[in-house]
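Input: a single structure, listed below in structure tokens.
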Amino acid sequence: MLSVLLVEDDLDLAATLVDYLLLEDIQCDHASNGVAGLTLMAQNHYSVLLLDLNLPRLDGLSVCQRLRQLGNDTPILMLTARDQLTDKRDGFQAGTDDYLVKPFEMSELVMRVQALARRRSGQVTRLECADLVMDLGRRSVTRSGREIRLSPTGWILLETLLRASPTVVTRRQLAQAVWGDETPDSNSLKVHLFNLRKAVDGGVGVPLMYTLAGQGIALRVPNTNNGQQS
């Protein structure tokens, strides 16, 4: 069952949406203000965030911006009565993935939720694993505050691993992320992974890149895996 969070201060509308989504086999938690929404997002994992624009305590744009700054890549569907192009522009700039103007058909909401749930957001601007930080906006990578310089291929590999972290990424997936379907021989990927591991783990803190035999590569903090570094 999909799990979504609805942040909406109209309690009647919220109750209607929660009940309807449940009928569609979508579990929906509810928060009535932006601050409560951020708290629930920090405590739980959701497939999609349904976010009203006009909220008490913290408005929808601010909630969206804070989540993206924190590296949260949960897809966000903004719900609003505003239908001007400038309003939508502001929402997309803040990090939302899709827009639905009130009033809307319940069936359309369900279709958009299901579509968004099949992917993670591309709007996130900061990816982290322990003290390793990738700032997509500034195109920079640091480990314990020390800047790490990467080749274009190394950047793609690291971004792919960070977006999936702590999940294992297969070598085939990594190769496709870099070269698409025109993948070179396997030695090319091995060389790039060796250089990336040296840049990320070379003499700075605990290792973060792990090879899991027969599975692939994972970027994760220690004691959350059964893999071995190699």
Side-chain angles (χ1 to χ4, degrees), residues 1-5 26-27 29 40-49 67-77 95 97-98 113-137 139-144 148 150-181 183 186 188-202 204-230:
M1 177 182 287
L2 293 180
S3 176
V4 304
L5 173 63
I26 300 174
Q27 177 66 44
D29 290 345
L40 286 175
M41 287 295 294
Q43 296 173 344
N44 304 282
H45 171 78
Y46 296 103
S47 301
V48 178
L49 171 60
L67 288 173
R68 296 315 187 211
Q69 290 168 357
L70 291 170
N72 189 304
D73 63 351
T74 302
I76 296 176
L77 175 59
D97 296 275
D98 199 1
V113 166
Q114 291 172 339
L116 286 172
R118 288 193 287 267
R119 62 183 175 86
R120 303 306 289 173
S121 177
Q123 294 277 19
V124 66
T125 59
R126 182 182 175 94
L127 301 171
E128 298 182 32
C129 179
D131 56 352
L132 177 66
V133 179
M134 172 178 276
D135 190 318
L136 298 173
R139 296 288 298 180
S140 67
V141 178
T142 58
R143 177 94 197 261
S144 295
I148 296 176
L150 298 175
S151 68
T153 298
W155 177 279
I156 295 172
L157 290 173
L158 182 58
E159 181 178 352
T160 302
L161 290 168
L162 278 169
R163 286 187 181 278
S165 178
T167 305
V168 178
V169 183
T170 67
R171 293 179 183 274
R172 179 182 178 85
Q173 290 172 324
L174 290 170
Q176 287 182 328
V178 176
W179 297 289
D181 294 329
T183 57
S186 59
S188 296
L189 180 61
K190 288 181 180 178
V191 171
H192 285 296
L193 286 173
F194 174 81
N195 291 333
L196 179 61
R197 178 175 280 113
K198 186 166 61 173
V200 170
D201 289 338
V204 181
V206 297
L208 295 177
M209 283 186 64
Y210 291 86
T211 298
L212 284 79
Q215 299 181 53
I217 311 297
L219 193 68
R220 49 175 61 157
V221 296
N223 302 322
T224 62
N225 65 85
N226 296 315
Q228 296 181 346
Q229 184 187 17
S230 89

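Quantities reported herein were computed from a predicted structural model and do not represent experimental measurements.
For the pair Ile76 and Arg68, the minimum side-chain heavy-atom distance is below 4.5 Å. For the pair Arg163 and Val169, the minimum side-chain heavy-atom distance is 4.5 Å or more. Contact of the Trp155 side chain with the Leu136 side chain is registered, since non-hydrogen atoms from C-beta on lie closer than 4.5 Å. With contacts defined as side-chain heavy-atom distances shorter than 4.5 Å, the pair Arg171/Thr211 qualifies.
Across all their heavy atoms, Ala218 and Arg220 have their closest contact at CB-NE, 3.7 Å. Ala117 approaches Val48 most closely through the heavy-atom pair N-CG2, 3.7 Å. For the residue pair Ala199 and Leu150, the shortest heavy atom distance occurs at CB-CD2, 4.0 Å. In this structure, Met209 and Arg197 approach most closely via the heavy-atom pair SD-CA, 3.6 Å.
Separation of atoms CZ (Arg143) and CG (Leu132) is listed at 6.5 Å; rounding is to 0.5 Å. For the atom pair CD1 (Ile156) and CG (Leu174), the distance works out to 11.0 Å, reported to the nearest 0.5 Å. With values rounded to the nearest 0.5 angstrom, Met134 atom CE is found 7.5 Å from Arg139 atom CZ. A distance of 8.0 Å separates CG of Asn72 from CG of Leu49, quoted to the nearest 0.5 Å. If you take CG on Leu189 and CZ on Phe194, they are separated by 14.0 Å, rounding to the nearest 0.5 Å. The CG atom of Asp97 sits 9.5 Å away from atom CG of Asp73, with the distance rounded to the nearest 0.5 Å.
Between the side chain of Ser165 and the main chain of Leu161, no donor-acceptor pair closer than 3.5 Å is present. No donor-acceptor pair closer than 3.5 Å links the side chain of Asp29 to the backbone N or O of Leu5. Remark: the backbone N or O of Gly154 is not paired with any side-chain donor or acceptor of Asn195 at under 3.5 angstrom.
In summary, of the residues considered (Thr142, Val221, Leu208), a side-chain contact (heavy atoms from CB on, under 4.5 Å) with Asp131 occurs for Leu208 alone.
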For this session: Report the C-alpha separation of Leu67 and Thr74 in whole Å, then their side-chain angles, then the decisive distance to 0.1 Å, and conclude whether the side-chain contact (heavy atoms from CB on, under 4.5 Å) test is met.
Result: CA-CA 9 Å; Leu67 288 173; Thr74 302; over 6 Å; no

For this session: Could you go through the side-chain contact (heavy atoms from CB on, under 4.5 Å) check for Glu159 and Leu127 one step at a time?
Result: CA-CA 8 Å; Glu159 181 178 352; Leu127 301 171; 4.0 Å; yes

Problem set entry | Intermediate values then yes/no, side-chain contact (heavy atoms from CB on, under 4.5 Å), Leu70 and Met41 | CA-CA 11 Å; Leu70 291 170; Met41 287 295 294; over 6 Å; no

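Checked by atom type, the side-chain pair Asp135/Ser140 shows no donor-acceptor distance below 3.5 Å.
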